[in-house]
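It should be emphasised that the depicted structure is a prediction, and the values quoted were computed from it without experimental measurement.
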Amino acid sequence: MREKIVILGTAHRLREAGKCSPDKRLRECVYSREIVEDLRHKLNEYGVRTFVDLWPLDLDKSMQTPSAKLERQRELALRVNEVNFICDKYGRQNCLYVSVHVNASSSDGKWHDANGWQVCVSPQASNRSHLLATALALMADFHKLRLRKPKPSQSYWEQSLYVLNRTKCPAVLTENHFMDNREDVDFLLSDEGRHAIERLHLEGILGYLKQIEIK
């Protein structure tokens, strides 16, 4: 049986404006990397080979530019190229990609009421992407997080996101509560919240790997 490879995705960069809570306590790029670091260690303990799409908090200075749009395009291309390089090396059928983010209902820098956890797949996602998203949503529900569903019968959202559309392997993006909701931010920064977010990803990924092993 071929080795299964997990690729974890971090969120954004320090230079990308607006990706933080209104009180600046939570910065999405930092929080995501902290969760990914803990998750990578846990997966390695379970014997799962794990990679990360982009570790640095910012692009190399040679790739930085005054154009936020161009810099964002460069960042996304780096992520997709890294994931697809790993897919080519180990076989796309042996890989999976989970990008870890924090949601926001607005970019106005104010507090809002939207809350909860959700997982996204590409509109053209494979059956395995759907299976991975369902496994993660099941664990979010198990850990008593407020699971956001597009409709009662579907536990994942379809969104046309660059890293989901362009990567070769089964891929999902998780939105771990809202950085512009006070209650969600308090939860995410608590020991209980960090543990829940880490565990749902770990257990969801391991559960998915067991399912495809059986299939």
### Query
Transitively linked via ILVMFWY side-chain contacts under 4.5 Å: Leu43 with Val98?
yes
#### Entry: Nearest non-hydrogen partners of Val163 and Thr167, listed with the distance
O-OG1, 2.6 Å
### Task
State plainly whether the residues Arg194 and Glu34 are in salt-bridge range, i.e. N to O under 4.0 Å.
yes
### Message
Working to the nearest 0.5 angstrom, can you tell me the gap between Gln124 CD and Ser129 OG?
### Response
11.0 Å
### Task
For the residue pair Trp111 and Asp180, confirm or rule out a side-chain donor-acceptor distance under 3.5 Å.
no
### Message
Could you check whether any side-chain N or O of Asn176 sits under 3.5 Å from a backbone N or O of Ile197, counting only pairs where one atom can act as donor and the other as acceptor?
### Response
no
### Task
Treat each ILVMFWY residue as a node, draw an edge where side-chain heavy atoms are under 4.5 Å apart, and state whether Ile35 and Leu206 are in one component.
yes
### Message
Would you say that more than 12 heavy atoms from the other residues, nucleotides or ligands in this model lie under 6.0 Å from the CZ of Arg74, or not?
### Response
yes
### Message
Tell me if a side-chain donor or acceptor on Ser21 pairs with a main-chain N or O of Leu26 at a distance below 3.5 Å.
### Response
yes
### Query
Under the ring pair (Phe, Tyr, Trp, His ring centres under 6.0 Å) rule, what pairs show up with a residue in residues 3-28, not counting sequence neighbours?
His12-His101
### Task
With the side chain counted from C-beta on, respond yes when Val185 and Leu189 share a heavy-atom pair under 4.5 Å apart, and no when they do not.
yes
#### Entry: Heavy-atom pair with the smallest gap, counting every atom of Gly204 and Leu136
CA-CD2, 3.9 Å
### Message
Would a single hydrophobic cluster contain both Ile205 and Val100, if residues Ile, Leu, Val, Met, Phe, Trp and Tyr are joined by side-chain heavy-atom contacts under 4.5 Å?
### Response
yes
### Task
Say whether, by atom type as modelled, one donor and one acceptor occur between the side chain of Ser122 and the main chain of Asn165 under 3.5 angstrom.
no
### Query
From Ser105 OG over to Asn181 CG, what is the distance, rounded to the nearest 0.5 angstrom?
8.0 Å
### Task
Under the side-chain contact (heavy atoms from CB on, under 4.5 Å) rule, collect the residues that match up with Pro152, sequence neighbours excluded.
none
### Contact list for residues 36-48, test salt bridge (Lys or Arg N to Asp or Glu O under 4.0 Å), sequence neighbours left out
Glu37-Arg40, Lys42-Glu198
### Query
Given Val83 and Cys169, is the side chain to side chain contact (heavy atoms under 4.5 Å, CB included) satisfied, shown in steps?
CA-CA 8 Å; Val83 174; Cys169 60; 4.1 Å; yes
### Message
Filter on ring pair (Phe, Tyr, Trp, His ring centres under 6.0 Å), then keep only pairs touching residues 149-171, sequence neighbours left out; what's left?
### Response
His130-Tyr156
### Query
Closest approach of Thr174 and Trp117, non-hydrogen atoms and distance?
CG2-CZ2, 3.7 Å
### Query
Is Leu78 close to Leu59 at the side-chain level, that is, under 4.5 Å between some pair of heavy atoms?
yes
### Message
If I take atom CG from residue Leu39 and atom CZ from residue Arg33, how far apart are they, to the nearest 0.5 angstrom?
### Response
14.5 Å
### Message
Under 4.0 Å between a side-chain nitrogen and a carboxylate oxygen: does that hold for Arg25 and Asp186?
### Response
yes
### Query
Say you draw a straight line from SG of Cys29 to CG of Asp58; how long is it, rounded to the nearest 0.5 Å?
7.5 Å
### Task
Output every pair passing ring pair (Phe, Tyr, Trp, His ring centres under 6.0 Å) with a member in residues 51-73, not counting sequence neighbours, ordered by first then second residue.
Phe51-Tyr90
### Query
Considering residues at least two apart in sequence or located in another chain, which fulfil the side-chain contact (heavy atoms from CB on, under 4.5 Å) criterion with Glu192?
Phe187, Ser190
### Query
How far does OG of Ser99 sit from CG of Leu173, to the nearest 0.5 angstrom?
4.5 Å
### Summary
Interatomic distance, CG@Asn103 vs CD@Glu28, rounded to 0.5 Å, equals 8.5 Å
### Query
Between the side chains of Arg79 and Thr10, is a donor N or O closer than 3.5 angstrom to an acceptor N or O?
yes
#### Entry: Check: His143 and Glu203 side chains under 4.5 Å, non-hydrogen atoms
yes
### Message
Side chains of Ile5 and Leu96, heavy atoms from C-beta outward: is any pair under 4.5 Å?
### Response
no
### Query
Taking Asn84 for the side chain and Arg166 for the main chain, is one N or O donor matched with an acceptor at less than 3.5 Å?
yes
### Summary
Heavy-atom closest pair (Pro170 atom, Tyr208 atom, distance to 0.1 Å) is CG-OH, 3.8 Å
### Task
Compare every heavy atom of Lys4 with every heavy atom of Ile212, then report the nearest pair and how far apart it is.
CD1-CE, 4.2 Å
### Task
Report the residues that fulfil side-chain hydrogen bond (donor to acceptor under 3.5 Å, both in side chains) with Ser62, sequence neighbours left out, ordered by chain and then residue number.
Asp60
### Message
Does Asp23 form a salt bridge (Lys or Arg N to Asp or Glu O under 4.0 Å) with Arg182? I'd like the steps, not just the answer.
### Response
CA-CA 9 Å; Asp23 60 6; Arg182 290 182 188 273; 5.3 Å; no
### Query
What residues, two or more places apart in sequence or in another chain, satisfy side-chain hydrogen bond (donor to acceptor under 3.5 Å, both in side chains) together with Ser155?
none
### Message
Would you say Leu8 ends up clustered with Leu76 if hydrophobic residues are merged whenever their side chains have heavy atoms under 4.5 Å apart, either directly or through other cluster members?
### Response
no
### Lys/Arg-Asp/Glu bridge criterion (N-O < 4.0 Å) met for Arg13, Glu71
yes
### Query
Which residue pairs satisfy the salt bridge (Lys or Arg N to Asp or Glu O under 4.0 Å) criterion with at least one member in residues 107-124, sequence neighbours excluded?
none
### Query
Please walk me through it: do Glu213 and Lys210 pass salt bridge (Lys or Arg N to Asp or Glu O under 4.0 Å)?
CA-CA 5 Å; Glu213 186 176 294; Lys210 287 182 180 178; over 6 Å; no
#### Entry: Hydrophobic cluster of Val30, others only, ordered by chain and residue number, side-chain cut-off 4.5 Å
Leu14, Leu57
### Message
Any heavy-atom pair between the side chains of Phe178 and Val102 that's under 4.5 Å?
### Response
no
### Query
Do the side-chain N and O atoms of Tyr97 and Asp53 include a donor-acceptor pair separated by under 3.5 angstrom?
yes
## Note on the structure
With sequence neighbours left out, the residues meeting salt bridge (Lys or Arg N to Asp or Glu O under 4.0 Å) with Asp88 are Lys168
### Query
Hey, quick one: are Val36 and Leu161 part of the same hydrophobic cluster, counting side-chain heavy atoms closer than 4.5 Å, chains of contacts allowed?
no
### Task
Could I get the full list of ring pair (Phe, Tyr, Trp, His ring centres under 6.0 Å) partners for His201, not counting sequence neighbours?
none
### Query
Is the closest side-chain heavy-atom distance between Arg148 and Val119 below 4.5 Å?
no
### Query
Which atom pair, heavy atoms only, marks the closest approach of Leu145 to Ala196?
CD2-CB, 4.3 Å
### Message
Between Glu183 and His177, is there a side-chain donor-acceptor contact under 3.5 Å, judged purely by atom types and distance?
### Response
no
### side chain to side chain contact (heavy atoms under 4.5 Å, CB included) between Arg15 and Gln64, worked out
CA-CA 9 Å; Arg15 283 168 58 83; Gln64 293 178 10; 3.5 Å; yes
### Task
For residues Gln154 and Lys149, determine if any side-chain heavy atom of one lies less than 4.5 Å from a side-chain heavy atom of the other.
no
